[in-house]
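The structure appears right after this line, and notes come after that.
Keep in mind it's a predicted model, so treat the numbers as computed, not measured.
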Amino acid sequence: MLNTATYLPKLKVFEGSVSYMYLDTTGNVTVGVGKMLPNAAAAQKLGFVRRPDPLAKPPVLPGTATADEIKADYDNVKKQSSGKLFTYYKQFTKLDLPDSAIDTLLKADVTQFTTSVTATFPDFATYPNEACAAIFDMAYNLGIGKLTSQFPTFCKAVKEKDWTTASKECNRIGISDDRNTWTKAQFDAAAAAAKPAGKDGG
């Protein structure tokens with residue numbers, strides 16, 4: 001099964017963890033670990049706080065953001081051009097999402113997304129921890145639809161618990177080498193652990 005205690009910190013590194021609202025590559029307002037906010041109302045449900053600015057007139061003090069302040073940040077970011085680095089959008093914001101709120105949001109998203117992964121791979125909960133982490137990472141990064149349509153050999157191998165083939169078929173284009181290397185290593189570890197138990201698992 002998926003060990004969230006060890007995997008979630010890794011996911012935050014891979015996906016990035018951003019405390020303020022920004023536009024993703026397709027122009028969606030996003031925050032935290034890739035959490036897309038479809039509208040200002042979705043943003044207003046989150047625990048944003050004011051970013052202190054003692055030099056402002058009057059000075060901005062820390063505290064819980066109001067619904068109007070959250071909507072202002074959302075609207076300011078939404079009207080910007082997409083395709084920039086996430087750091088570009090900080091200048092258009094005045095609020096941040098605390099790390100604790102980002103972690104709570106991420107855990108909820110992972111729990112919900114695990115349901116989708118399990119629907120695709122019914123034996124997911126019985127897979128080795130390493131395999132679960134690698135499969136989840138691919139699904140979370142690509143989306144279930146893209147994973148199943150563009151990686152059919154990989155998906156077949158996963159369902160057959162053939163971790164050796166999964167390792168060979170898990171390379172993604174457009175992500176960091178570190179992430180691909182880490183994913184392959186998880187499947188290699190699962191394959192190595194499976195060998196003493198028999199060959200029918202790959």
>> Walk me through whether Leu46 and Leu105 qualify under side chain to side chain contact (heavy atoms under 4.5 Å, CB included).
In response: CA-CA 9 Å; Leu46 306 181; Leu105 196 59; 3.9 Å; yes
>> Let's go through Lys146 and Phe151 carefully: what are the C-alpha distance in whole Å and the side-chain angles of both, what is the deciding distance for side chain to side chain contact (heavy atoms under 4.5 Å, CB included) to 0.1 Å, and is it a yes or a no?
In response: CA-CA 8 Å; Lys146 192 172 182 180; Phe151 291 79; 5.6 Å; no
>> Determine whether Lys12 and Asp103 satisfy the following criterion, side chain to side chain contact (heavy atoms under 4.5 Å, CB included), listing intermediate values before the conclusion.
In response: CA-CA 9 Å; Lys12 287 178 72 174; Asp103 287 344; 2.8 Å; yes
> How far apart are the C-alpha atoms of Phe124 and Thr114, what are their side-chain angles, what is the distance that settles it, and do they pass the side chain to side chain contact (heavy atoms under 4.5 Å, CB included) test?
Replying inline: CA-CA 9 Å; Phe124 181 73; Thr114 299; 4.1 Å; yes
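Of the charged side-chain nitrogens involved, at least one lies within less than 4.0 Å of a carboxylate oxygen, so that Lys184 and Asp188 count as a salt-bridged pair. Between Lys79 and Asp75 no salt bridge is recorded (no basic side-chain N to carboxylate O distance below 4.0 Å). Arg50 has a carboxylate O that lies under 4.0 Å from a charged side-chain N of Glu69, or vice versa, which qualifies the two as a salt bridge. A salt bridge does not link Asp123 with Lys159: every distance from a Lys NZ or Arg NE/NH1/NH2 to an Asp or Glu carboxylate oxygen is 4.0 Å or more. Of the charged side-chain nitrogens involved, at least one lies within less than 4.0 Å of a carboxylate oxygen, so that Asp137 and Arg172 count as a salt-bridged pair. Residues Arg179 and Glu15 are paired through a salt bridge, judged by an N-O separation under 4.0 Å between the basic side chain and the carboxylate.
Linking Ile, Leu, Val, Met, Phe, Trp and Tyr whenever their side-chain heavy atoms come within less than 4.5 Å leaves Leu147 and Ile175 in two separate clusters. Phe14 and Ile144 fall within a single hydrophobic cluster, where Ile, Leu, Val, Met, Phe, Trp and Tyr are joined by side-chain heavy atoms under 4.5 Å apart, directly or via other members. Put simply, Tyr88 and Leu23 are part of the same group of oily side chains (I, L, V, M, F, W, Y) that touch within less than 4.5 Å, one to the next. In the hydrophobic clustering of ILVMFWY residues, with side-chain heavy atoms under 4.5 Å counting as a link, Leu95 and Met36 come out apart. Both Phe86 and Leu97 belong to a common hydrophobic cluster when Ile, Leu, Val, Met, Phe, Trp and Tyr are linked at side-chain heavy-atom distances under 4.5 angstrom.
Looking at heavy atoms from C-beta onward, Pro59 lies out of side-chain contact with Asp53 at the 4.5 angstrom threshold. Within the 4.5 Å cutoff, side-chain heavy atoms of Val33 are placed close to those of Ile102. Using a 4.5 Å cut-off on side-chain heavy atoms (C-beta onward), Val18 and Tyr20 make contact. Side chains of Cys155 and Thr148 form a contact here, defined as non-hydrogen atoms less than 4.5 Å apart. A 4.5 Å side-chain heavy-atom check between Gln80 and Lys84 finds every atom pair outside the cut-off. The side-chain heavy atoms of Thr183 and Met138, taken from C-beta on, include a pair separated by under 4.5 Å. Thr93 is not listed as a side-chain neighbour of Asn76, based on a closest heavy-atom distance of 4.5 Å or more. The shortest distance between side-chain heavy atoms of Tyr7 and Val110 does not fall below 4.5 Å.
Atom-to-atom distance recorded for Leu106:CG and Thr104:OG1 is 9.5 Å, nearest 0.5 angstrom. For the atom pair CG of Leu11 and OG1 of Thr4, the computed distance is 11.0 Å after rounding to the nearest 0.5 Å. Atoms CZ and OH, on Phe121 and Tyr127 in that order, are 6.5 Å from each other to the nearest 0.5 Å. A distance of 13.0 Å separates OG in Ser82 from OH in Tyr22, rounded to the nearest 0.5 Å. One finds the CG atom of Asp96 at 6.0 Å from the NZ atom of Lys90 (value rounded to the nearest 0.5 Å). We find the CH2-CG distance between Trp182 and Asp177 to be 15.5 Å, quoted to the nearest 0.5 Å.
The minimum heavy-atom distance between Pro38 and Ala42, with the atom names listed, is CD-CB, 3.7 Å. The shortest non-hydrogen separation linking Ile70 to Ala65 is CG1-CB, 4.0 Å. Taking all atoms of both residues into account, the shortest heavy-atom contact from Lys161 to Thr126 is NZ-OG1, 3.9 Å. The heavy-atom pair separating Ala166 from Ala157 by the smallest distance is N-CB, 3.9 Å. Residues Val29 and Lys78 share a closest heavy-atom pair of CG2-CD, 3.7 Å. Scanning both residues, Leu37 and Tyr74, for their nearest heavy atoms gives O-OH, 3.0 Å.
Thr26 and Asp24 form a side-chain donor-acceptor contact under 3.5 Å, judged by distance and modelled atom types alone. A donor atom on one side chain and an acceptor atom on the other are not found under 3.5 Å apart for Arg51 and Ser19. A donor-acceptor contact closer than 3.5 angstrom is absent between the side chains of Asp68 and Thr66.
Using cut-offs of 30° and 60° for the angle between ring planes, the Tyr140 and Phe136 rings count as parallel. Phe187 and Trp163 have parallel rings, their planes meeting at less than 30° on a 0 to 90° scale where 60° marks the start of perpendicular.
Counting non-hydrogen atoms of neighbouring residues, nucleotides and ligands closer than 6.0 angstrom, the CD atom of Gln112 reaches no more than 12 such neighbours. Other residues, nucleotides and ligands place no more than 12 heavy atoms under 6.0 Å from the NZ atom of Lys94.
Remark: side-chain polar atoms of Asn39 are paired, donor with acceptor, to backbone N or O of Ala41 under 3.5 angstrom. One N or O on the side chain of Thr30 and one on the backbone of Asn28 form a donor-acceptor pair closer than 3.5 Å. Between the Thr120 side chain and the Ser116 main chain, a donor and an acceptor come within less than 3.5 Å of each other.
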